Amino acid sequence: MTVVVALDQGTTNTKALAIDVSGRVVAKASAPVGITTPAAGSVEQDAEEIWTRSVDVLARCIDEAGASSVVGLAIANQRESVVAWDRSTGAPTGPVLSWQDSRTAEWCATLGDAQTVGLVQGRTGLPLDPMFSAPKMAWVLRDADPSTVVGTVDSWLLWNLTGSTEHVIEAGNASRTLLYRLDKLCWDDDLLALFGIRPSALPEPRRSHGPFGRTACEGLPRGLPVLAVLADSHAALRGHGGGTPGIVKATYGTGSSVMRGTGSDLEHRQGIATTLAWLDESPTYALEGNIRYSGSALEWTARMLGLPGAVALGELAAQVPHAGDVAFVPAFGGLGAPHWDPSAVGTITGLGARSTPAHVARAAFDAVAHQVADVVQAMVADTSHGRLRADGGATASRLLMQTQADVLGCQVDVAATEDMAAYGAARAAFSSQGVEIPPAPAGGLYVPRKDSSDRDRARTAWARAVARARY
Ligand SMILES: O=P(O)(O)OC[C@H](O)CO
């Protein structure tokens, strides 16, 4: 048996899956990863913890699958988060600044006039927003020694996996930094100057198939090649078979990423990012809308209501047929796509004397579905003939998936595997070896149960709540 061991290094969890040539998962290990919010707008992680947890799950998975059957590794990783370390010692110089970290929001707002914002958007496909890596890189490099280097989480993992030899970044991850030029597929000197980032601190961009080197670290068999690296959301698109124009997928993780592959076309849409999905022999582009709080909005609401988690929240929400007039806009740290408003604040509107915790719980599920719908509708003019492919932990909620079909007015196909990012990365790794494994099959289908006037009413109420959350 031949397997690829795929690591999915996510915001709150690190998983490894051994996947065979038929696409079957033959071994799996996972470990939680800590995240802290030491101050308003600051969201941090521990780089050493990310690394040690990753080695731990990889080692357990390789062991279970049998080391001799492993042809190589694949990586899918959380994007935009920034790690800085000392090139000579390999030690992190501070915490990881998470993609959710918005401490640079004010600085970003002063960075440029409309022309600069247009330049950034035109070259990188991204809005000038603190979610992306460059402002965080600039922040961690302030006053840093010349030996300090930076990277995204894939860079950090590859540096450690290869025994501190490779300081590289996968091209799709690079496209999330605000420094990578989408048409020319390289770092952009003007943007490096804009953010004040010294080129020698940056990792070298590589194609999604590398080369990324071989394992040379403690805790893992030596000499295993890293066959493919993909940013996690992009990997999920690949898992769904996306990339070819038309497929729209939503990943429901800590945040949500909605993506539509556009093949070799660089398309642009108002409020939506254009991104490099992956770079094989030629680039595959995608449109993407990133929502900061979706699964984490459910967790937050559960905590506020004194419940143990999202499952209990779903049980409470199911006690009422709808949220009444209550709407919850989880604009913690501002709103992402398609609004891109860092000044928006988390808001619960429409509370009345008859509102109950169940209505608030229901409003939290509505919020996740409406945020995804906002992005899908900014990408696809008419959703009624299409389908949304869904993956990620929160797709286990039937309430959420039915709500999603209802507010979008189209069928939602839920992937049979909850590990789509790892699956997509494994697909890419096998493909580099000339083996094509099939896209992951759907495990559940949801069709809309609301008519269009109910849907329009719900969408209008949501739009009003979003307007209230914005200054
Ligand atoms: O950790 P996840 O799976 O929520 O993914 C994080 C995203 O990559 C951030 O853009």
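Since the structure is predicted, the reported quantities are computational estimates derived from the model, not experimental observations. Indexing begins at 1, ligand by ligand and atom by atom, following the structure's order.
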Exercise. Near Trp99, which atoms of ligand 1 are under 4.0 Å from a heavy atom of that residue?
Worked result: 6 (C), 9 (C)
Exercise. Any idea which part of Met131 is under 4.0 Å from ligand 1, heavy-atom wise: side chain, backbone, both or neither?
Worked result: neither
For this session: Enumerate the atoms of ligand 1 whose separation from the nearest heavy atom of Asp232 is less than 4.0 angstrom.
Result: 1 (O), 2 (P), 3 (O), 5 (O), 6 (C), 7 (C), 8 (O)
Exercise. Between Asn290 and ligand 1, which part of the residue brings a heavy atom under 4.0 Å of the ligand: side chain, backbone, both or neither?
Worked result: side chain
Exercise. Hey, are Asp406 and Gln404 close enough side-chain-wise for a donor-acceptor pair under 3.5 Å?
Worked result: no
For this session: With heavy atoms of Gly10 as the reference, note each atom of ligand 1 found under 4.0 Å away.
Result: 1 (O)
Problem set entry | Residue Gln78 vicinity, atoms of ligand 1 by number, heavy atom under 4.0 Å | 8 (O)
Exercise. When you check the side-chain N and O atoms of Ser175 and Thr275, is any donor under 3.5 Å from an acceptor?
Worked result: yes
Exercise. Mind checking whether Trp99 and Phe132 have ring centres under 6.0 Å apart?
Worked result: no
Exercise. Where's the contact between Thr254 and ligand 1, heavy-atom distance under 4.0 Å: side chain, backbone, both or neither?
Worked result: both
Exercise. If we ignore angles and hydrogens, is there a donor and acceptor under 3.5 Å between the side chains of Gln9 and Arg53?
Worked result: no
Exercise. Are Trp156 and Trp85 close enough that their ring centres sit under 6.0 Å apart?
Worked result: yes
Exercise. Looking at atom 1 (O) of ligand 1, what's its closest protein heavy atom, distance included?
Worked result: Thr11 OG1, 2.4 Å
Exercise. Are the ring centres of Trp139 and Phe195 closer than 6.0 Å?
Worked result: no
Problem set entry | Polar side chain donor-acceptor pair, Ser133 to Thr177, under 3.5 angstrom | no
Exercise. To which protein heavy atom is atom 10 (O) of ligand 1 closest, and what is the distance rounded to 0.1 Å?
Worked result: Glu80 OE1, 2.6 Å
